[in-house]
Amino acid sequence: MTDVMTRAPISEIEDAHTSGAYFKRPLTLVRGQGSTVWDDTGQSYIDATSGQGVALLGHCHPDVAAAIAEQAETFVTCPEIFYNGHRAGLYMLLSSVLPVELNRFFLCNSGAEANEGALKVATLLTGRSQIVATKRAFHGRTMGALAMTWNPKYREPFENWTSRAVSHVAYNDLDAAAEAITDETAAVVVEVVQGEGGVYIADMDYLRGLRRLCDERGALLVIDEIQTGLGRTGRWFAFEHAGIVPDVITLGKGLAGGVPMGAVCWRDSLGTLPQGTHGSTFGGNPLACASAMATISALCNEHLPERSAELGQWLLDELRALDHPQIREVRGLGLMVGIELRGRVTPVLKSLQDRGVLALPAGFNVLRLLPPLVITKAELEQVITAVRESLDE
Ligand SMILES: *Cc1c(COP(=O)(O)O)cnc(C)c1O
C-alpha cells in the first residue's frame, strides 16, 4: 500500500485514475487541525473552505476524533432494522436544537441523498407530485436532487433521467412563487442563502411569504439547510432568521463532523413514511451517529452559532471597509460570505492559495468564504489581508 503511494507523485496517480469530474487544484493535502490544513511539503493553509462547508468545528476536533475512535472499536455498522442507542441519542440531540415540531428524521449519507429523501417525504405525505424550486438553486447531483438544481450545465446532460415535475422560479420573487404553487404542488424547496449559486440571501419577508403560500395551498415548505445549517449563518438553522418553521429541512455537510451523513427532518404532524418506501444500508449507522452527537454537542458547548454571528458580522464589516475597486458587493450571513468581484474568481483563488489561504468559488465571479466556526479573529485577519493583496495583484 505505502509502496504504491510512494512510487509516483500522488497527483499523477490520481490523474491517471480519477473520474475526471472534478476541477483539481495542484495541491496535495495530508493533515488538518482546527482551521489549518497542511500539504505534502509541510506548507500550511488557513482552510476558509472548511473542506467545502463540512468542518464547522475545524479539522480533527478532539471530541469528534475521540467519538469516532471509540465507536470504531465498539460498533460501526447497524442497519435501521435494529435499534441502536447512538441513533436514539442523535434523534434526541437533533430534537433539542430544532423547533419542537420538527422531530421526525430519516438518516442518510450525503446532502443530495437528504434532498432525495425530502422529495419522497413530500410526495408520500402530501399525495402530490409537483415541486417548485428556485433559479440559481443548488440541491445536489443525484437525479432527483439534480432536477431541483438550477444550473443547466449540471442538469441538461441528464434530462432524460431527471424529473419534469420541477419548475424553477426566480429567487426572492414572491409573485412568481404565488403563480407557480398550485393544488398539485407537493413542496416548495428553497435555500435561505444560496451557497453554490453565488451567496445570495433570501429576503426574510420572501420566506415568510412562502410559508404563508404553502399553508394556504397545502404544499410543504422544504428548506435545504445542508450548507446553512448547524450554526453556519449565525443561528442554529438559517430559517430562524425569518422566524418561520419549515415543514421539512435537509441537513448534510457538517452534520457528523466530516463523517458522511445527511438527514431529512420533518414535522411530526405530517406523519411517517409507509414501511418500505425508503431506506439506506448505511443510513443512521452508529459511527456516523456518534460523530454527529459529538459534533452537535461541541457546537452547543462552544456556543458556535453565536460565535458565527459575531465573527461573521465583523468579517463582513472588515471586507466592506476594504472598499476595494475589484469588489462589486460583499454579502453574507454569519460565517457564510460571498465577495462578488468585477472579474473572474479563479485567478484570485490561485493567488490566495499562494498566500496560504484556501477559499471557494460560487459561480464565476464570486469568492466564497466558509471558514470553520472555530476560526480565530487573528486567522480571519490573515484571510482579509490575503484577499486584499490578491485583489491588488
Ligand atoms: C453541498 C450541498 C448539497 C449537496 O450535498 P452533497 O453531500 O454534495 O450531495 C445540496 N444542497 C446544498 C445547499 C449544498 O450546499
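These numbers were taken from a predicted model, which means no experiment stands behind them. Whatever order the structure lists ligands and atoms in, that order sets their numbers, starting from 1.
- Contact annotation for R141 and ligand 1: no heavy atom of the residue comes within less than 4.0 Å of the ligand.
- Looking from atom 11 (N) of ligand 1 to the surrounding protein, the closest heavy atom is D224 OD2, 2.8 Å.
- Side chain to side chain, S308 and R235 fail the donor-acceptor criterion of an N or O pair below 3.5 Å.
- For N115 and T250, the side-chain atoms include at least one donor-acceptor pair closer than 3.5 Å.
- Polar contact with ligand 1: present for F138 (N/O pair, distance under 3.5 Å).
- The residue E113 has no part lying near ligand 1, judged by heavy-atom distances below 4.0 Å.
- Contact of the F239 side chain with the P99 side chain is registered, since non-hydrogen atoms from C-beta on lie closer than 4.5 Å.
- Side chains of N109 and E113: a donor on one and an acceptor on the other come within 3.5 Å.
- Between M204 and H241, the closest side-chain pair of non-hydrogen atoms falls below 4.5 Å.
- Ligand-side atoms of ligand 1 in range of E191: 13 (C), range being under 4.0 angstrom from any heavy atom.
- R388 and Q326 form no side-chain donor-acceptor contact under 3.5 Å, judged by distance and modelled atom types alone.
- Atoms of ligand 1 lying under 4.0 Å from at least one heavy atom of H139, given by number and element, are 10 (C), 11 (N).
- Listed for the H168 side chain is a donor-acceptor partner under 3.5 Å among the backbone atoms of M148.
- In terms of protein heavy atoms, atom 14 (C) of ligand 1 is closest to K253 NZ, 2.9 Å.
- Annotation: atom 9 (O) of ligand 1 to nearest protein heavy atom, A112 N, 2.8 Å.
- For atom 5 (O) of ligand 1, the closest heavy atom belonging to the protein is G111 CA, 3.3 Å.
- Residue E196 places no N or O, backbone or side chain, under 3.5 Å from any N or O of ligand 1.
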